[in-house]
Every structure is written in C-alpha cells, then in structure tokens.
Amino acid sequence: MTTFPQLARFEDGEGARALVFGATHLDVELLPVLHEALRRIGRVQRLDVIAYCRGGEVAVARRIGLLLHRFAERVRLVVPYHCQSAGTVMALAAHEIVAGPLAMFSPIDPHLTGSDAAGEATAMSALDIRMFPKLAQDWFGLDEATARERALPLLCDSIAPAALTTFYRSTQAVRQIGEELLALHMAEGAQRSAIVEALLFGYHAHDYTLTGEDLAALGLQVRSDPGLEDAAWEIARELRMRMGPETRKMHPRGWCDALIATREGGMVRTRQQDMLPGDWQGFEVAP
C-alpha cells in the first residue's frame, strides 16, 4: 500500500518536514510509534503535523505536544477536519495552527463516564456540576448566596463526594496541562490562563464546535492557507475512508483507529473493539 503523495506540498523548504497523525482516540500506545516516526525525521526547523483526531486521553495529548517540541524548533498543526476534545488540548502545543474551512475544535472540560442504576452508560462534565448553583439562580430564583449554600449538600446526595473530588482534580489537571503546552510558545502567563479558562468553561456543551476563527479570537495563532488546505483535505478524505468503527464492514478482522506517516513510510493500527494495543502494520508512502 502506498499513499499520501500530498506530504511533499508541506515540505517547501530546508528543514521543513511533515507528518500525518490520525487517531480516533488518543491513547498511550500511540506514543512509541510516533516517537519512532520522529526519530526517523530527526530534529528539524519546522514540523507540519496534519492532524485528524476525535478525542482521547488528555495526559497523552500532553505527551504528544511535548514530544513534538523535542524534534522541532517550530510546530505547525494543520487541521483539515476533526481535532476535538483531547485533540484540541494537543493543538495548544502548536506555535501556529492552519485551520481549514471545515476544521472542528471543541471545549476541553473533563468528563467522567460510568453507569446508572439500570446499567446504562452515562457521562457527566465538570461543567455540569459547576453550573448547578447558576441553574438554581436562573431557573428557581434563588439568590447567589443561597444557591451556593444549598448546592453542595444536594450534589453530595446524588454524586459521591469522591467523584466530585475526582472532577475537581481532573479540571485542575487539564488547566495545568493546557497552560504547560501554551507556555512552550506563548510568554504571557495571563493570556495562557485566559485561553485555558475559556476552553474549560466558556461554552455550554462539550460537543460545541469551535472553528479556527473561534480559536484565533481566544488569542491562539490561527490562520487559513488555501495553498495547504487542498492537500490537507485530500489527506483527511483518505483518513476518513480508512479510520473509525464505521469501516468495520471493509475490515472483517478489525478496524483501523490510528495512522502515523512521514515520507519515510507509515504505520497503521488495526484493532478489535476495546482491545489494545492492536496490530501495527507498515506501509510505503508515495514520493
């Protein structure tokens, strides 16, 4: 299998290299393969990462951001389509983001998953809990002091205190990681804090779609580049055809959930549902 001739479009000068990074879910097993791909490239002046990501583990997003900076003086993230949740956290490490017309980012508020009394899967956001006193004010007319006083006992009656603490710690971790990744290229501490706070609590739904313009309005270095967007979209189309559970009919022995490629070659991971680390196979990249 050969693929991704578009990579040459991104390597337009000395010291400029490109890497395709696609994952339906960021997990720790991606890191060794990404590290090997970066070692083959070596230290470069600029690394373009054409990213396609639907979410995953925030701690892994942090490690990816730090790893990219170990191998490049300047990291440019090219986003043709999905780069959401933990993908948006990863994007905070980039010196610059090139966002296509359909680029999709999202808030980064932490979620916890579990099951209800009937055994059905449930998910709750930290913002759901944080907004409870505000709900009491807006919907039921309580004053701010009363709403805050009553909120904690009511929450503890329905959510275990340890779970509330976990939400708080998760929120603090995301805040710390976001500011750490921004500090790799942004000097102003107040600006970093404002960006992370907006991504944590500035929107009322975790699946709210943020555009490149929205991120630029927050203070990130985001721009459009029609010369790169066509090549990036071609890569995104290929990733969409190869990756995700919807491709199971084409892959009876499993489905592709991750792909990492440079001009030296690529690796694709196939796995069964909920079975990690999966099987990695190599492929050639078209010159």
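Note that the coordinates shown come from a computational prediction; the quantities given were computed from them, not determined experimentally.
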Problem set entry | Verdict with reasoning, Glu197 to Arg175, per side-chain contact (heavy atoms from CB on, under 4.5 Å) | CA-CA 7 Å; Glu197 196 72 12; Arg175 179 182 282 115; 3.1 Å; yes
Side-chain donor/acceptor of [X] to backbone N/O of [Y], under 3.5 Å:
{"X": "Arg62", "Y": "Gly178", "answer": "no"}
{"X": "Glu57", "Y": "Asp27", "answer": "no"}
{"X": "Glu229", "Y": "Asp225", "answer": "yes"}
{"X": "Ser224", "Y": "Val98", "answer": "no"}
{"X": "Thr88", "Y": "Ser106", "answer": "yes"}
{"X": "Arg192", "Y": "Met186", "answer": "yes"}
{"X": "Thr209", "Y": "Met104", "answer": "no"}

Problem set entry | Test side-chain contact (heavy atoms from CB on, under 4.5 Å) applied to Leu31 and Ile64, step by step | CA-CA 7 Å; Leu31 294 175; Ile64 291 172; 3.7 Å; yes
For this session: Kindly write out the residues that satisfy ring pair (Phe, Tyr, Trp, His ring centres under 6.0 Å) with Tyr208, not counting sequence neighbours, or none if the list is empty.
Result: Tyr203
Exercise. Does a side chain donor of either Thr270 or Gln281 reach within less than 3.5 Å of an acceptor in the other side chain?
Worked result: no
For this session: Verify the distance criterion only: is there a donor paired with an acceptor across the side chains of Gln172 and Arg169 at less than 3.5 Å?
Result: no
Exercise. Are Arg263 and Glu11 close enough for a salt bridge, meaning some N to O gap below 4.0 Å?
Worked result: yes
Problem set entry | Electrostatic pair Glu264:Arg39 at N-O distance under 4.0 angstrom | no
Could you report the tightest heavy-atom contact between [X] and [Y], atom names first, then the distance?
{"X": "Gly87", "Y": "Cys53", "value": "CA-SG, 3.8 Å"}
{"X": "Pro107", "Y": "Ala205", "value": "CG-O, 3.4 Å"}
{"X": "His69", "Y": "Arg43", "value": "O-NH1, 2.9 Å"}
{"X": "Ile195", "Y": "Leu218", "value": "CG1-O, 3.2 Å"}
{"X": "Gly55", "Y": "Ser85", "value": "CA-CB, 4.0 Å"}
{"X": "Leu7", "Y": "Ala18", "value": "CD2-CB, 3.8 Å"}

4.5 Å side-chain heavy-atom contact, [X] and [Y]:
{"X": "Val285", "Y": "Val20", "result": "no"}
{"X": "Phe283", "Y": "Met267", "result": "no"}
{"X": "Val49", "Y": "Val78", "result": "no"}
{"X": "Asp12", "Y": "Arg46", "result": "yes"}
{"X": "Leu92", "Y": "Glu180", "result": "no"}
{"X": "Phe21", "Y": "Leu26", "result": "yes"}
{"X": "Ile50", "Y": "Leu228", "result": "no"}
{"X": "Tyr81", "Y": "Tyr52", "result": "yes"}

For this session: Determine, stepwise, if the pair Thr262 / Arg17 fulfils side-chain contact (heavy atoms from CB on, under 4.5 Å).
Result: CA-CA 8 Å; Thr262 67; Arg17 293 297 310 272; 4.3 Å; yes
For this session: Only pairs at least two apart or in different chains count here, so list each ring-ring contact (aromatic ring centres under 6.0 Å, His included) that has a residue in residues 171-190.
Result: His95-His185
Problem set entry | Between CD1 on residue Ile108 and CG on residue Leu200, distance to nearest 0.5 Å | 4.5 Å
Problem set entry | Rounded distance (nearest 0.5 Å) linking atom CG of Asp279 with atom SG of Cys256 | 12.0 Å
Exercise. Would Val28 end up clustered with Leu68 when hydrophobic side chains under 4.5 Å apart are linked, directly or stepwise?
Worked result: yes
For this session: Report whether Ile177 and Tyr168 are members of the same hydrophobic cluster (ILVMFWY, side-chain heavy atoms less than 4.5 Å apart, transitive linking).
Result: no
For this session: Please identify each residue that fulfils side-chain contact (heavy atoms from CB on, under 4.5 Å) with Gln6, with sequence neighbours left out.
Result: Phe4, Ala231, Glu234, Ile235
For this session: Take Arg74 and Glu96, measure what side-chain contact (heavy atoms from CB on, under 4.5 Å) needs, and give me the verdict at the end.
Result: CA-CA 8 Å; Arg74 184 172 181 82; Glu96 180 184 49; 3.8 Å; yes
Problem set entry | Option passing side chain to side chain donor-acceptor pair (under 3.5 Å) with Asp257 (candidates His25, Arg54, Arg242, Arg269) | Arg269
Exercise. CD of Glu36: more than 12 outside heavy atoms within 6.0 angstrom?
Worked result: yes
Exercise. Between Leu210, Asp214, Val174, which is the residue that forms a side-chain contact (heavy atoms from CB on, under 4.5 Å) with Leu199?
Worked result: Leu210
